[in-house]
Structure formats: structure tokens, C-alpha cells
Amino acid sequence: MAHQWRGVVEEYRERLPVADGDPVVTLGEGGTPLVAAPALSARTGADVHLKVEGANPTGSFKDRGMTVAMSKVAATPTELVVCASTGNTSASAAAYAVRAGLRCAVVLPAGKIAAGKLAQAIVHGATLVAVDGNFDDCLRIVRELADRYPAALVNSVNPYRLQGQKTAAFEVVDALGDAPDIHVLPVGNAGNISAYWLGYNEYAGRTTAASLPGTGADLPPVATRTPRMWGVQADGAAPLVKGVAVEHPETVATAIRIGNPASWDLAEAARTDSGGRIDAVTDAQILAAQALLAAEVGVFVEPASAASVAGLLQAAELGRVPAGAQVVCTVTGNGLKDTATALGQADVEPAVIAPTLGAAVAALGL
Ligand code: AN7
């Protein structure tokens, strides 16, 4: 019988705050591959898989939350959605607003959005506002804007975003049969680590501070345990590691260039309650992990996504990864969004040859 993945709302409806008859705004998000990473297993002595979220419709994990948040807005008279973004939220909001028939405004830090993400907001018809400031300034502006004007905020401070994003944890358990020992992911505004922790707990029959009534606590448990949550921040934007907001966050991983995460408390709870940790890695470690993923695993991710793998490799070097542990790293966004950073100084123009077999053979040194 024909079957196609239906998007996270239909696949996990009984655990989401979407009632029968509510509109569902979807692009078929979720159902992303959990890919074994033998090169990382060999390096860490663990059993490492990647949750490849760049395979979502707009190329990042943001689509999971956006389908739920946008479905909720579509059920109201509001005609405008707004968000602040380091790029991926705006790309996702713009696309889902198209599906919902809503207008979309995105407020972005000027000059700090990867070209692919900016292109997405533009082609999907969002109105762009570039701010002379960082993401934290942008979020402050859209929060006030949504308070005072008839616009719905679709950043992860909207609780429906976390509800959608928790489905990634469900998928990991569905794929592995139970929760892994350790789950590693990059942390910026700290919504995703909070959402995974929510999802893992609900699948284990427990609730957390982010649980909403009727979203799973009454259902039989699917998992017998929850993983340790390991968050990874960039050195220049590591407020959760330092314990204090960073006024001028700076990192090559522009997606996580955030100094004052909105879900600070939920992320700290995820770390503490799971027996996990939040560490920082340098830009050099991030770029090295990105290159390693591309060259040895076959997965091209954007720099922020590589932070999770950089954090895992660092932990392994420090002897913190138990031998044989089952580890899942979320790689949050597609490498195609930011090719300029990935290519760096590399020469992208191959030598041009005459259109003959002989010239091709000579060029290949065969
Ligand atoms: C690829 O798009 O904050 O800790 O405005 O794009 O849940 O914020 C993006 C964040 C990791 C961090 N990886 O997740 C935005 C935005 C990628 C990202 C994160 C982001 P959170």
C-alpha cells in the first residue's frame, strides 16, 4: 500500500497539542535519517549516529517546530507572523507562512546571515528587516512587537515550537528501540536541547517543565530511559558554559551566535536533570569537525551543526566518552546553506580542459 511520511503533526498527533479538525500546515518535515558514523565511532570508541536534520524541507530542524507553531497561528485570525533569527528560523518561517497563506516578517542581525538562508527568506516572500545589532537585539524587538501589534511570534519562546521539535527525540527512540546513552547537540537560543529533553522524557513516561497538558504523559511509555544531554556552544558565544550572558557573541557558526538564550532555564534543567553537560568548542574545532564530517562520514553540515561533533570529539580526547556508549549527535542544518564558510580559502574553480577523453585522462593522472 502506498505510504508516505506525513509530517510530524500527523505522525505524532497523539503527543502534540493539535486537536482533530485543527488546520495542519506541513511540508512533510521530520522522518530524517539516523545515519551511522563509523569514522566518529572509531575516533571516540563509542557507537555514534548522526540525526541528519539538514534533510528537513527547508534544510534545518526548525521545520519540526514551525509546522506546529504555524498550524496554531492558522487557526486564529492573525495574518502576520514574525521572528528574529540567525537564519534558519527565518527560512523555515518564510516557507511555512507560504503554506499557511500568512504574511511573514523576519528581523535579522545585519551582515550575519549565511547567504543560503537569506535567499530562502527572500524567495519565500518574507519581509526582511536588518538590524544593526545581534540576534539578542532582534529577539527583544520581535517580542515587543508581538506584544503590541497583531503579529504572532514564531520564535522558540512560542511553546508550540518546542512541542514540534521534541518529535526528533521520538524518532531517535523509534529508530534505536530505546533512548541512547548520550545525546549531543549544538546550543544557541537553547530551544532544541530543551525540546529533545522534553521529548525523551515524554517517551519515557515522565514530564518536565516544558510539558503541556495532554501531550503524552497519559500514554504508555515507549522508552525505558532518558539519555544524558550534552550541549555544545561556540567559545565566543557560550553563556551557558560561562553562567553569564555574553554581550557581544562572536563565532564563525553564525546560527549559534547568541549571547542570551531565551530557553536558558530549560537548558540548564536539561543538563542537570539528565546528568549531562554543556561545553564550549573553538571556531577551529567547529570547522575541523565540519570538514571531517564531509570528508569521512559523507554528510555536509553547516558550521553550527558541526559544533555537536566537535564537542563529542573534545569529550573523547578528555576521556569523557564511555567505551561502547551509544551516542547520537544532532547535526541541525544543511551545509548548502553556507557554502562560503565551508569552502573558506579553497580554490573552487577546477582547471578547465579541452572537451576530449584524452584531456580528462591527463587531468586525472590516469
Ligand atoms: C543550524 O535560526 O536560533 O539552541 O534563529 O540554526 O534551539 O537555538 C538557529 C539556531 C543549532 C541552535 N544549529 O539551536 C535561528 C536560530 C542550527 C541553528 C541552532 C540553530 P537552538
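Order of appearance sets the numbers: ligands from 1, and atoms from 1 within every ligand. If you read the sequence from its start, that first residue is 1, and numbering goes on from there. Every value quoted in this text rests on a predicted model; they were computed, and no experiment measured them.
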With heavy atoms and a 4.0 Å threshold, my read on which part of Ile256 contacts ligand 1 is side chain
Within the 4.0 Å heavy-atom cut-off, what Gln165 brings close to ligand 1 is neither
Atoms of ligand 1 close to [X] [distance to a heavy atom under 4.0 angstrom, numbered from 1]:
{"X": "Val187", "value": "4 (O)"}
{"X": "Gly191", "value": "4 (O), 7 (O), 21 (P)"}
{"X": "Asn189", "value": "4 (O), 8 (O), 21 (P)"}
{"X": "Ile258", "value": "3 (O)"}
{"X": "Ser85", "value": "2 (O), 5 (O), 15 (C)"}
{"X": "Asn88", "value": "1 (C), 2 (O), 6 (O), 17 (C), 18 (C)"}
{"X": "Phe135", "value": "5 (O)"}
{"X": "Thr89", "value": "2 (O), 5 (O), 15 (C), 16 (C)"}

With the side chain counted from C-beta on, respond yes when Pro239 and Gln233 share a heavy-atom pair under 4.5 Å apart, and no when they do not.
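Yes, their side chains come closer than 4.5 Å.
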Report yes if some heavy atom in the side chain of Arg43 is under 4.5 Å from a heavy atom in the side chain of Leu292; otherwise report no. yes
- Message: Looking at ligand 1, is there an atom of it that comes within less than 4.0 Å of some heavy atom belonging to Ala190?
- Response: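 Flag set, Ala190 near ligand 1.
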### Query
Applying a strict 4.0 Å limit to heavy atoms, is Gly87 in contact with ligand 1?
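Distance cut 4.0 Å: Gly87 passes for ligand 1.
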Salt-bridge present ([X], [Y]; N to O < 4.0 Å):
{"X": "Glu250", "Y": "Arg257", "result": "yes"}
{"X": "Glu53", "Y": "Lys62", "result": "no"}
{"X": "Asp20", "Y": "Arg13", "result": "yes"}

Provide, to 0.1 Å, the distance between [atom] and the closest protein heavy atom, together with that atom's residue and name.
{"atom": "atom 10 (C) of ligand 1", "answer": "Lys62 NZ, 3.2 Å"}
{"atom": "atom 14 (O) of ligand 1", "answer": "Phe61 CZ, 3.4 Å"}
{"atom": "atom 7 (O) of ligand 1", "answer": "Asn192 N, 2.8 Å"}
{"atom": "atom 18 (C) of ligand 1", "answer": "Ala255 CB, 3.5 Å"}

Can you list the steps and then say if Arg64 with Glu171 is a salt bridge (charged side-chain N to carboxylate O under 4.0 Å, His left out)? CA-CA 12 Å; Arg64 295 179 181 276; Glu171 290 177 21; 2.8 Å; yes
Crowding at CD, Glu79 (>12 non-hydrogen neighbours, <6.0 Å):
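Incorrect, the count does not exceed 12.
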### Message
For a salt bridge (charged side-chain N to carboxylate O under 4.0 Å, His left out) check, start with the C-alpha distance between Glu11 and Arg6, then their side-chain angles and the critical distance, and finish with the verdict.
### Response
CA-CA 6 Å; Glu11 296 292 338; Arg6 298 165 295 170; 3.1 Å; yes
Val73 with Leu162, same ILVMFWY side-chain cluster at under 4.5 Å:
no
Identify all side-chain donor-acceptor contacts of residues 213-229 below 3.5 Å with residues at least two apart in sequence or on another chain.
residue, atom, partner, partner atom, Å
Thr215, OG1, Leu212, O, 2.5
Thr224, OG1, Asp178, OD2, 2.5
Arg225, NE, Ala179, O, 2.8
Arg225, NH1, Asp181, OD1, 2.9
Arg225, NH2, Ala179, O, 2.6
Thr226, OG1, Arg206, NH1, 3.3
Arg228, NH1, Gly275, O, 2.7

Next item on the list: Please state whether the rings of Tyr196 and His183 are parallel, tilted or perpendicular, taking 30° and 60° as the class boundaries.
Entry: tilted
Discussion item. Please state which option from Thr332, Asp338, Thr86, Asn334 has its nearest heavy atom closest to atom 11 (C) of ligand 1.
Written reply: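 Nearest option to atom 11 (C) of ligand 1, by heavy atoms: Thr332.
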